[in-house]
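Step one of this worksheet: look at the structure below.
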Amino acid sequence: MSIRRLRAGDAPAYRELMLQAYGLHPQAFTSSVSERATMPMNWWESRLTSRFDVVLGAFVEDELAGIVGLSLEPRQKARHKATLFGMYVVDAHRHRGLGQQLLEAALDEARRHSFLRLVQLTVTAGNDPAIRLYQRCGFALYGLEPMAIRVDDEYLDKIHMWREL
């Protein structure tokens, strides 16, 4: 297994994996399959080449098996914060430590930016495996956003977590 920053040429695999994530786990993501599937390939490429987003991919052999993103804040007064997004590991590769390795790689990436002081994220309330993973990696809860997303007729809360670098 290897972890590296995704490049524009990885956009088709990134798109496929994210659409899979949105479809299989709609409660875990704010984006939906229907809205993201309509985005042109250059949108996905731009996500991978943005100077404010870093998307890391975990590869098992040549297969993209997991992803996580780190969004840097462009506004001067908030530049000390980054947001973790789009964490997903393919079902076939779960329970092998891949998620923790991805998360640690994202934190290492954050530490490479000397201006960053903290990383924040949101996780859907009730997603206990993800919450435990984030806590193992030093994240702490700091708030709850009630009714943060709606999936069909169900409203779901988001837990806000943060970690100082």
If you group Ile, Leu, Val, Met, Phe, Trp and Tyr by side-chain heavy-atom gaps below 4.5 Å, do Ile3 and Val89 land in one group?
-> yes
Heavy-atom closest pair (Ala130 atom, Val123 atom, distance to 0.1 Å) is CB-CG2, 3.8 Å
Among the clusters formed by ILVMFWY side chains lying less than 4.5 Å apart, do Phe85 and Val33 turn up in the same one?
-> yes
Check the pair Gln100, Leu103 against side-chain contact (heavy atoms from CB on, under 4.5 Å), reporting the backbone distance first and the verdict last.
-> CA-CA 5 Å; Gln100 185 163 342; Leu103 190 49; 5.6 Å; no
Could you tell me which non-hydrogen atom of Glu45 sits nearest to which non-hydrogen atom of Ala8, and how far apart they are?
-> CG-O, 3.7 Å
Side-chain (Asp157) to main-chain (Met147) donor-acceptor, under 3.5 angstrom = yes
Residues forming a salt bridge (Lys or Arg N to Asp or Glu O under 4.0 Å) with Arg94, sequence neighbours excluded = Asp91
If you measure from OG1 on Thr122 to CG on Asn127, what distance do you get to the nearest 0.5 Å?
-> 11.0 Å
Quick one: do Leu24 and Tyr22 end up in the same hydrophobic cluster if we chain Ile, Leu, Val, Met, Phe, Trp and Tyr together by side-chain heavy atoms under 4.5 Å apart?
-> yes
Identify whether Val90 and Phe29 are in the same connected component of the hydrophobic contact network (ILVMFWY, side-chain heavy atoms under 4.5 Å).
-> yes
Side chain proximity check, His80 to Leu116, heavy atoms < 4.5 angstrom = no
For Ala106 against Leu84, the heavy-atom pair lying closest together = CB-CD1, 3.7 Å
Please state whether the rings of Tyr88 and His25 are parallel, tilted or perpendicular, taking 30° and 60° as the class boundaries.
-> tilted
Exam field: side chain Ser50 to backbone Ser46, donor-acceptor pair closer than 3.5 Å = no
Can you measure from OG1 (Thr49) to CG (Leu6) and round to the nearest 0.5 angstrom?
-> 11.5 Å
Within a radius of less than 6.0 Å around CG of Asp128, do more than 12 heavy atoms belonging to other residues, nucleotides or ligands occur?
-> yes
For Leu102 and Met87 the tightest heavy-atom approach is CB-CE, 4.2 Å
Using the side-chain contact (heavy atoms from CB on, under 4.5 Å) rule, take Tyr155 and Ile149 through it: C-alpha gap first, then chi angles, then the decisive distance, then the call.
-> CA-CA 6 Å; Tyr155 291 91; Ile149 61 171; over 6 Å; no
For residues 63-75, which side-chain N or O atoms pair as donor and acceptor with protein atoms under 3.5 Å away, sequence neighbours left out?
unit_1	atom_1	unit_2	atom_2	d
Glu63	OE1	His93	NE2	3.3
Ser71	OG	Asp53	OD1	3.1
Glu73	OE1	Arg75	NH2	3.2
Glu73	OE2	Arg75	N	3.3
Glu73	OE2	Arg75	NE	2.6
Glu73	OE2	Arg75	NH2	3.3

Side-chain donor/acceptor pairs under 3.5 Å, residues 158-165, sequence neighbours excluded:
unit_1	atom_1	unit_2	atom_2	d
Lys158	NZ	Ala28	O	3.3
Lys158	NZ	Thr124	OG1	2.9
His160	NE2	Glu145	OE1	3.2
Arg163	NH1	Cys137	O	2.5

Look at the side-chain heavy atoms of Ile, Leu, Val, Met, Phe, Trp and Tyr, link any pair under 4.5 Å apart, and say whether Leu141 and Val119 land in one connected group.
-> yes
side-chain contact (heavy atoms from CB on, under 4.5 Å) between Gln120 and Lys81, worked out | CA-CA 7 Å; Gln120 57 193 6; Lys81 299 185 290 186; 4.0 Å; yes
Any donor and acceptor pair, going by atom type alone, linking the side chain of Arg150 with main-chain N or O of Asp152 inside 3.5 Å?
-> yes
Contacts of Phe115 that satisfy ring pair (Phe, Tyr, Trp, His ring centres under 6.0 Å) - sequence neighbours left out | His113
All N/O donor-acceptor pairs, side-chain side in residues 34-43, below 3.5 Å, sequence neighbours left out:
unit_1	atom_1	unit_2	atom_2	d
Ser34	OG	Ser32	OG	3.2
Glu35	OE2	Ser32	N	2.9
Arg36	NE	Ser31	OG	3.3
Arg36	NH2	Ser31	OG	3.0
Thr38	OG1	Glu35	O	2.9

Which pairs count as salt bridge (Lys or Arg N to Asp or Glu O under 4.0 Å) when at least one residue sits in residues 7-25, sequence neighbours excluded?
-> Arg4-Asp10
State, with a plain yes or no, whether a side-chain heavy atom of Trp44 is found less than 4.5 Å away from one of Val55.
-> no
